Amino acid sequence: AACSSKTRNAALHPLWQSPLTIPGGTRQSPINIQWRDSVYDPFLKPLKISYDPTTCLHIWNNGYSFLVEFDDSADKSIIVGGPLENQYRLKQFHFHWGAINDWGSEHTVDSKFYPAELHLVHWNAVDYPSFEDAVMEGNGLAVIGVFLKLGARHEGLQTLVDALPAVRHKDTVIEFDEFDPSCLIPSCPDYWTYAGSLTTPPLTESVTWIIKKKPIEVDEDQVNLNFTLLPQRCSEPVFHQQFSGKTQKLSVFSEIC
Ligand SMILES: NS(=O)(=O)c1ccc(C(=O)N2CCCN(Cc3ccccc3)CC2)cc1
Ligand SMILES: [Zn+2]
């Protein structure tokens with residue numbers, strides 16, 4: 001029987017037991033990217049990515065995913081241009097994947113899921129003193145999203161996959177250096193961009209999303225990351241909640257490629 005409004009709780013994120021979306025949120029992520037909704041924006045510039053591999057620090061398994069974290073104490077690994085007003089510093093990257101290959105990405109393109117999605121998280125160190133401060137600000141973060149699809153083996157990703165068994169359990173950290181994550185970003189400059197939010201709690205509306213239009217190809221073994229990781233994760237229900245409300249303008253940058 002339908003539960004009455006007074007007993008129906010706000011939808012809670014099964015992993016974090018926190019609200020799925022911020023009440024009154026106007027720019028929640030992830031979304032379904034519909035080509036037909038995207039507006040070509042002639043004022044968008046190409047995104048400039050310059051990462052210094054020596055800023056790569058370690059891989060950390062936080063129990064929900066694994067993060068590759070970077071030394072963000074200086075402007076050494078940065079992105080600039082694209083929809084961004086100034087430069088943003090790379091803080092970490094992580095993946096979202098599913099238990100099966102039919103889904104796993106958080107964003108979808110014309111309602112199509114990819115088996116996994118890479119997020120490279122950057123923060124606005126020009127306007128804010130720390131990542132934690134930037135997380136709370138509308139222009140605080142810029143996240144590059146890259147879809148992964150099944151195909152050829154990805155040599156650059158393999159160095160990371162080979163290190164994952166060492167962070168099999170929650171809260172393990174291993175040193176990981178000299179890695180340049182730009183090898184995980186497609187060379188085609190085309191991207192969609194919209195004003196959105198973190199896709200995990202606290203879901204703050206502080207992210208300028210830059211979603212690369214072309215996916216990278218990885219092979220079956222590489223995409224089944226979770227068999228090497230987080231046994232407790234497999235038992236956790238991974239929740240994919242998409243925000244279907246009215247979202248911000250979805251702009252597209254494209255060069256002939
Ligand atoms: N999927 S995603 O949208 O790209 C994504 C990006 C960054 C994070 C991340 O690093 N987090 C989550 C939130 C911020 N906390 C610290 C905090 C700062 C202020 C108030 C509470 C918590 C750190 C962990 C997670 C997910
Ligand atoms: Zn993410």
Side-chain angles (χ1 to χ4, degrees), residues 13-22 25 27-33 47 55-72 77 79 82-84 88-98 103-108 113-125 127-148 160 170-171 173 181 184-185 191-212 215-216 223 225-226 229-230 233 236 238-243 247-248:
H13 196 293
L15 293 190
W16 290 283
Q17 296 315 311
S18 66
L20 267 182
T21 56
I22 299 179
R27 47 178 282 192
Q28 291 286 287
S29 298
I31 61 169
N32 175 37
I33 295 166
L47 188 65
T55 55
C56 191
L57 294 173
H58 52 252
I59 307 175
W60 170 42
N61 172 343
N62 67 6
Y64 301 114
S65 180
F66 63 91
L67 309 181
V68 179
E69 298 199 288
F70 289 77
D71 167 14
D72 60 349
S77 289
I79 57 172
L84 305 172
Y88 284 66
R89 274 186 204 166
L90 178 64
K91 168 82 179 165
Q92 51 104 328
F93 70 79
H94 61 274
F95 294 85
H96 298 264
W97 67 91
W103 52 273
S105 62
E106 297 206 302
H107 289 90
T108 50
F113 281 97
Y114 283 90
E117 182 174 338
L118 160 66
H119 288 160
L120 296 125
V121 182
H122 310 75
W123 61 283
N124 178 347
D127 297 339
Y128 308 112
S130 74
F131 170 71
E132 281 68 23
D133 290 292
V135 165
M136 312 310 278
E137 305 290 339
N139 66 342
L141 302 182
V143 180
I144 298 176
V146 179
F147 294 117
L148 276 68
L160 179 56
K170 180 174 161 57
D171 289 335
V173 178
L184 302 174
I185 302 174
Y191 62 82
W192 291 284
T193 182
Y194 75 98
S197 72
L198 290 175
T199 64
T200 65
L203 298 168
T204 41
E205 299 184 328
S206 54
V207 180
T208 299
W209 281 96
I210 299 167
I211 313 275
K212 299 293 283 186
I216 57 168
V223 84
L225 292 174
N226 49 346
L229 267 182
L230 316 176
R233 176 188 164 99
E236 301 271 5
V238 180
F239 195 86
H240 286 271
Q241 151 90 3
Q242 279 199 345
F243 183 65
T247 50
Q248 304 295 312

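Note that the structure is a prediction, hence the values are computed from the model and not measured. If you read the sequence from its start, that first residue is 1, and numbering goes on from there. Numbering of ligands and ligand atoms starts at 1, following listing order.
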Visitor: Take every heavy atom of Ser29, measure it against each atom of ligand 1, and state whether any distance is under 4.0 Å.
Guide: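 Outside the 4.0 Å threshold, so no.
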Visitor: For atom 5 (C) of ligand 1, decide whether some protein heavy-atom distance is shorter than 4.0 Å.
Guide: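 So far as the 4.0 Å threshold goes, atom 5 (C) of ligand 1 is in reach of a protein heavy atom.
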Visitor: Is Phe66 close to Leu160 at the side-chain level, that is, under 4.5 Å between some pair of heavy atoms?
Guide: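 In short, these two side chains touch, coming nearer than 4.5 Å.
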Visitor: Can you give me the closest heavy-atom contact between Ser197 and Val207, atom names plus distance?
Guide: C-CG2, 3.5 Å
Visitor: Tell me whether ligand 1 is touched by Phe95 - counting only heavy atoms on the residue side and a distance under 4.0 Å.
Guide: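 Under 4.0 Å: no for Phe95.
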Visitor: Quick one: are Ile144 and His122 in side-chain contact, heavy atoms under 4.5 Å?
Guide: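 Touching, per the 4.5 Å side-chain cut-off.
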Visitor: Compare all side-chain heavy atoms of Leu120 with those of Pro181 and state whether any distance is below 4.5 angstrom.
Guide: yes
Visitor: Answer yes if a protein heavy atom lies under 4.0 Å from atom 13 (C) of ligand 1, otherwise answer no.
Guide: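 Protein heavy atoms within 4.0 Å of atom 13 (C) of ligand 1 - there is at least one.
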Visitor: Search all heavy atoms of Leu148 against all heavy atoms of Phe95 and return the closest pair with its distance.
Guide: CD2-CE2, 4.0 Å
Visitor: Do any nitrogen or oxygen atoms of Gln92 lie less than 3.5 angstrom from nitrogen or oxygen atoms of ligand 1?
Guide: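 Looking only at distances, the answer is yes, because the N/O contact criterion of under 3.5 Å is met.
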Visitor: Tell me whether ligand 1 is touched by Lys91 - counting only heavy atoms on the residue side and a distance under 4.0 Å.
Guide: no
Visitor: Give a yes or no on whether the backbone of Gly140 and the side-chain of Ser206 come within a donor-acceptor separation of less than 3.5 Å.
Guide: no
Visitor: Strictly below 4.0 Å, N to O, side chains only: are Lys91 and Asp72 in salt-bridge contact?
Guide: yes
Visitor: Report the atom name of the nearest N/O/S atom of His119 relative to the Zn ion (ligand 2).
Guide: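 Answer by atom name: ND1.
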Visitor: Quick test: of every protein heavy atom, which one is nearest to atom 15 (N) of ligand 1, and how far off is it to 0.1 Å?
Guide: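 Answer for atom 15 (N) of ligand 1: Phe131 CE2, 4.6 Å.
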Visitor: Answer yes or no: does an N/O atom from His96 fall short of 3.5 Å to an N/O atom of ligand 1?
Guide: yes
Visitor: Does the protein come close to atom 24 (C) of ligand 1 - that is, does one of its heavy atoms sit below 4.0 Å from that atom?
Guide: no
Visitor: So which N/O/S atom does His96 have closest to the Zn ion (ligand 2)?
Guide: NE2
Visitor: Using a strict cut-off of 4.0 Å, indicate which atoms of ligand 1 neighbour a heavy atom of Met136.
Guide: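 This gives 19 (C), 20 (C) as the contact atoms.
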Visitor: Can you spot which of Trp192, Tyr194, Trp209 makes a side-chain hydrogen bond (donor to acceptor under 3.5 Å, both in side chains) with His107?
Guide: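 Answer to the side-chain hydrogen bond (donor to acceptor under 3.5 Å, both in side chains) test with His107 among Trp192, Tyr194, Trp209: Tyr194.
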Visitor: If you take all heavy atoms of Tyr88 and Leu141, which pair is closest and at what distance?
Guide: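 For Tyr88 and Leu141, the tightest heavy-atom pair comes out as CE2-C, 3.8 Å.
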Visitor: For His94, counting its heavy atoms only, list the atoms of ligand 1 lying under 4.0 Å from any of them.
Guide: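 Answer, ordered by atom number: 1 (N), 2 (S), 4 (O), 5 (C).
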Visitor: Any idea which atoms of ligand 1 are less than 4.0 Å away from a heavy-atom of Pro202?
Guide: 13 (C), 21 (C)
Visitor: Are any non-hydrogen side-chain atoms of Ile210 and Leu84 less than 4.5 angstrom apart?
Guide: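 They are in side-chain contact.
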Visitor: Test of understanding: given a 4.0 Å heavy-atom threshold, classify the contact between Trp209 and ligand 1 as side chain, backbone, both, or neither.
Guide: side chain
Visitor: Considering heavy atoms of the protein only, find what lies nearest to atom 1 (N) of ligand 1 and give residue, atom and distance to 0.1 Å.
Guide: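 Nearest neighbour among protein heavy atoms for atom 1 (N) of ligand 1, to 0.1 Å: Thr199 OG1, 2.7 Å.
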Visitor: Tell me the closest heavy-atom pair linking Leu198 and Leu203, and the distance in Å.
Guide: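 It is O-CD2, 3.4 Å.
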Visitor: In the protein, what heavy atom is nearest to atom 26 (C) of ligand 1, and what distance, to one decimal place, separates them?
Guide: Thr200 OG1, 3.3 Å
Visitor: Please could you name the atoms of ligand 1 that Pro201 approaches to less than 4.0 Å, counting only its heavy atoms?
Guide: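 Selected atoms, number and element: 12 (C), 13 (C).
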